[in-house]
Amino acid sequence: LQKQQEENGEPLFQSLNEGNNDNKEASSSMMMNRITLHNGDARLVAKDVLGQADYIFCYSTVWPSIGFSPQFGAMVISRQWSELLAQRCRHGCVAVMTDRILDPSYGWELKDRLDVPNPEVMGSTGYIQVLNKYHKQQNGDDEQLVSLS
């Protein structure tokens with residue numbers, strides 16, 4: 001993913017102090033990125049929390065799936081979660097999922113995967129997806145732009 005980001009010239013992570021060299025005091029106080037963690041059921045989290053998120057992490061190993069996708073080489077999370085997160089998250093939100101991917105038909109584009117040891121479940125795969133709310137959806141032979149906002 002980092003290589004892909006570098007080729008496109010788009011940083012995945014950007015420091016808040018970039019471009020703020022006018023004032024040393026302001027620059028030093030902005031040295032750390034702000035992170036806010038919310039733990040809980042995404043169905044109950046206020047819509048604005050997900051709508052403002054740049055990154056979300058879901059331990060989705062046991063979430064219901066609609067089955068295996070040979071195209072993506074992964075189990076695909078049920079419509080309920082894929083649609084809910086696509087509706088509540090903003091365009092460009094990065095989702096890190098475990099052992100399952102969000103359904104790409106809702107705009108979740110698979111960017112990278114990483115297999116890691118996880119003795120409790122005989123190994124795990126982390127998937128990184130980015131939400132494109134203006135993705136192309138195929139209907140038979142036709143393609144159309146679909147807005148999810």
Side-chain angles (χ1 to χ4, degrees), residues 1-20 30-149:
L1 181 63
Q2 182 177 359
K3 181 179 177 186
Q4 187 178 36
Q5 293 281 325
E6 289 170 0
E7 289 172 3
N8 295 335
E10 301 170 3
L12 184 59
F13 300 100
Q14 185 171 358
S15 175
L16 291 175
N17 67 333
E18 285 182 19
N20 187 9
M30 300 282 288
M31 292 296 282
M32 294 179 49
N33 289 327
R34 286 195 273 220
I35 228 171
T36 305
L37 298 175
H38 295 271
N39 181 16
D41 189 328
R43 295 170 295 193
L44 305 176
V45 171
K47 188 175 183 177
D48 63 321
V49 170
L50 288 172
Q52 294 176 24
D54 293 320
Y55 304 91
I56 60 171
F57 171 81
C58 302
Y59 186 78
S60 51
T61 300
V62 297
W63 288 15
S65 89
I66 59 173
F68 183 79
S69 166
Q71 178 183 359
F72 296 102
M75 297 293 286
V76 179
I77 291 173
S78 71
R79 174 180 179 250
Q80 171 192 3
W81 289 108
S82 297
E83 184 176 34
L84 178 130
L85 292 173
Q87 289 173 347
R88 292 193 179 180
C89 293
R90 66 188 185 98
H91 176 76
C93 181
V94 176
V96 179
M97 312 300 290
T98 59
D99 299 318
R100 286 160 168 59
I101 63 170
L102 291 161
D103 190 334
S105 67
Y106 291 96
W108 293 104
E109 298 175 352
L110 183 61
K111 298 296 185 180
D112 205 356
R113 63 179 284 156
L114 177 66
D115 295 311
V116 296
N118 185 349
E120 286 78 21
V121 293
M122 304 299 284
S124 281
T125 302
Y127 295 97
I128 299 174
Q129 293 179 270
V130 176
L131 181 58
N132 178 359
K133 288 203 174 207
Y134 308 101
H135 73 288
K136 288 184 180 178
Q137 185 175 46
Q138 289 188 341
N139 290 338
D141 294 333
D142 299 330
E143 283 188 355
Q144 62 184 14
L145 285 176
V146 177
S147 174
L148 297 170
S149 45

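Heavy-atom basis, side chains included; hydrogens, waters and symmetry copies ignored.
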Any chance you could lay out the side-chain contact (heavy atoms from CB on, under 4.5 Å) test for Y106 and R79, step after step, and finish with the verdict?
CA-CA 9 Å; Y106 291 96; R79 174 180 179 250; 2.8 Å; yes
Under the criterion side-chain contact (heavy atoms from CB on, under 4.5 Å), I'd like the reasoning laid out for S65 against V76: C-alpha separation, chi angles, the key distance, then a yes or no.
CA-CA 5 Å; S65 89; V76 179; 5.7 Å; no
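The distance from the OH atom of Y59 to the CE atom of M97 is 12.5 Å, given to the nearest 0.5 Å. Atom CG of L131 is separated from atom CG of L102 by 9.0 Å, given to the nearest 0.5 angstrom. Atom CG of D103 is separated from atom CD of Q129 by 9.0 Å, given to the nearest 0.5 angstrom. Annotation: the span from L85 atom CG to R88 atom CZ amounts to 8.5 Å, rounded to 0.5 Å.
Closest non-hydrogen pair, C93 versus A53, comes out as SG-O, 3.7 Å. L110 approaches D112 most closely through the heavy-atom pair CD1-O, 3.6 Å. For the residue pair I56 and C89, the shortest heavy atom distance occurs at CD1-SG, 4.0 Å. Across all non-hydrogen atoms, the minimal contact from V130 to K111 is CG2-CG, 3.7 Å. M75 approaches D99 most closely through the heavy-atom pair CB-O, 4.1 Å.
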Validation: residues 113-122 side-chain donor-acceptor distances under 3.5 Å, sequence neighbours left out:
| from | atom 1 | to | atom 2 | distance (Å) |
| --- | --- | --- | --- | --- |
| R113 | NH1 | G73 | O | 3.4 |
| R113 | NH2 | D115 | OD1 | 3.4 |
| D115 | OD1 | T125 | OG1 | 2.5 |
| N118 | OD1 | E120 | N | 3.4 |
| N118 | ND2 | S124 | OG | 2.9 |

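Formation of a donor-acceptor pair under 3.5 Å by the W108 side chain with backbone atoms of I101 is not found in this model. A donor-acceptor pair under 3.5 Å links the side-chain atoms of R100 to the main chain of T61, judged by distance alone.
Residue pairs meeting the ring-ring contact (aromatic ring centres under 6.0 Å, His included) criterion with at least one member in residues 69-88, sequence neighbours excluded: W63-W81.
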